[in-house]
Amino acid sequence: SVRRCWPLPYGFGGRFTSRDNACRSGIELAVNADCSAAGAGVTAAAMGFLTNLLGKAMGGAPSAGSGDPREAMRPAYAALVGAARDPVWYRDGGAADSKPGRFDMLTTLLALLLLRLEQGGGHARESTWLSELFIDDMDAQLRQDGVGDLMVGKHITRLMGTLGGRLGSLREAMAAADHIAALTDYAARNVTGDEALRSALVEMLAAWHDSLADSAPSALLAGRLPPA
């Protein structure tokens, strides 16, 4: 199969509140022991991160000869990348059509999708596989850009921390009494873009969240994601 790669921004410093930093630090503590190792060490770091991120023991990698179960999630991940690239987010919502802006939209939509699967129950393993495809995508792009093994682990740790922080922030925002206000605060801190169009972006994200809630998890996992 063809590996899909996502252009990566570098240096996310200064985009987190203290609460987000606490979430990110908790995840990094779980993976820092492995994150500077090459090859298998990066994979081990990713699995440690996902266990913390999704809050459940997911089991190990597939046994030899069993095939890669993540292949079943590739349609969903491809649809997610396509959704994040939809021009409407950038034209009507003001998200920056740049590497940081596109990465912000990808991680935001991925986090919203993971929340929907979390709320649906019984899809922890599929959520893990979907998140692993994201990690593989980031890893591949880093290596394509010439980043060496020792530095790839450090970048992956940072990117995983970014995803974890955004997942936690969105979980709180969508559970808030005034979720539009909370989502506006999230967008201000985590989505690079035009402040003048932020309210439109927030409305679009809230509508996408609601559309996810109206969709069956089985449809979402098959790659049938709602439009922006």
Side-chain angles (χ1 to χ4, degrees), residues 6 8-9 12 15-17 19-28 31 46 49-56 58 73 76-86 89 93 95-96 100-121 123-138 156-176 179-180 182-193 198 201-215 217 220-221 223 225-226 228:
W6 192 265
L8 288 180
F12 294 100
R15 295 184 60 76
F16 294 87
T17 65
R19 182 168 58 193
D20 292 325
N21 276 321
C23 177
R24 177 176 61 176
S25 296
I27 293 169
E28 287 180 351
V31 300
F49 161 72
L50 291 171
T51 298
N52 281 274
L53 174 64
L54 300 172
K56 298 179 183 292
M58 300 302 161
M73 295 297 101
Y77 186 70
L80 181 73
V81 171
R85 288 176 171 170
D86 191 325
W89 300 111
R102 293 190 295 271
F103 179 82
D104 291 344
M105 287 309 307
L106 177 61
T107 51
T108 294
L109 298 190
L110 174 56
L112 287 173
L113 177 56
L114 292 176
L115 288 178
R116 173 64 184 97
L117 297 175
E118 176 183 289
Q119 292 158 1
H123 302 287
R125 190 173 296 276
E126 289 85 351
S127 294
T128 300
W129 293 335
L130 189 60
S131 300
E132 287 180 357
L133 291 178
F134 166 78
I135 292 168
D136 283 352
D137 204 2
M138 301 299 100
I156 290 294
T157 298
R158 180 184 297 170
L159 297 173
M160 292 188 301
T162 300
L163 176 60
R166 291 175 182 181
L167 179 61
S169 294
L170 283 168
R171 183 183 289 114
E172 292 185 7
M174 302 317 295
H179 68 275
I180 293 297
L183 191 54
T184 299
D185 181 61
Y186 167 87
R189 292 184 289 111
N190 294 289
V191 181
T192 307
R198 186 168 296 147
L201 177 64
V202 167
E203 290 178 5
M204 293 165 63
L205 288 172
W208 204 72
H209 170 269
D210 292 345
S211 295
L212 289 175
D214 291 338
S215 301
L220 299 174
L221 292 172
L225 301 185

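Taking both residues in full, the closest heavy atoms of His123 and Pro217 are given as NE2-CB, 3.4 Å, listed atom of the first, atom of the second, then distance. Across every non-hydrogen atom of Asp86 and Ala228, the tightest pair is OD2-CB, 3.9 Å. For Ser215 against Arg116, the heavy-atom pair with the smallest separation is O-NH2, 3.0 Å. Closest non-hydrogen pair, Pro100 versus Thr192, comes out as CB-OG1, 4.1 Å. The minimum heavy-atom distance linking Trp208 with Ala83 is given by the pair CZ2-CB, 4.4 Å. The shortest heavy-atom contact between Tyr186 and Ser169 is CD1-CB, 3.8 Å.
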In sequence, state the C-alpha distance, the side-chain angles, and the governing distance for Met138 and Thr162, and then conclude on side-chain contact (heavy atoms from CB on, under 4.5 Å). CA-CA 12 Å; Met138 301 299 100; Thr162 300; over 6 Å; no

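Annotation: side chain of Leu114 is not in contact with side chain of Leu170 (no heavy-atom distance under 4.5 Å). Leu109 has its side chain within reach of Trp89: a pair of non-hydrogen atoms, C-beta onward, lies under 4.5 Å apart. Between Arg198 and Val202, some side-chain heavy-atom pair lies under the 4.5 Å cut-off. In this structure, the side chains of Asp104 and Asn190 stay at 4.5 Å or more apart for every pair of heavy atoms. Considering only heavy atoms from C-beta on, Pro226 comes within 4.5 Å of Leu220 through its side chain.
For the atom pair Leu163 CG and Arg158 CZ, the distance stands at 15.0 Å (nearest 0.5 Å). To the nearest 0.5 angstrom, Tyr77 atom OH is 12.5 Å from Leu225 atom CG. Remark: Leu205 CG to His179 NE2 distance equals 11.0 Å, nearest 0.5 Å. To the nearest 0.5 Å, the span separating CD on Glu118 from CZ on Arg171 amounts to 4.0 Å. Interatomic distance, CZ of Phe103 versus CG of Leu159, reported as 4.5 Å (0.5 Å rounding). The line from OG1 of Thr184 to CZ of Arg189 is 11.5 Å long, rounded to the nearest 0.5 Å.
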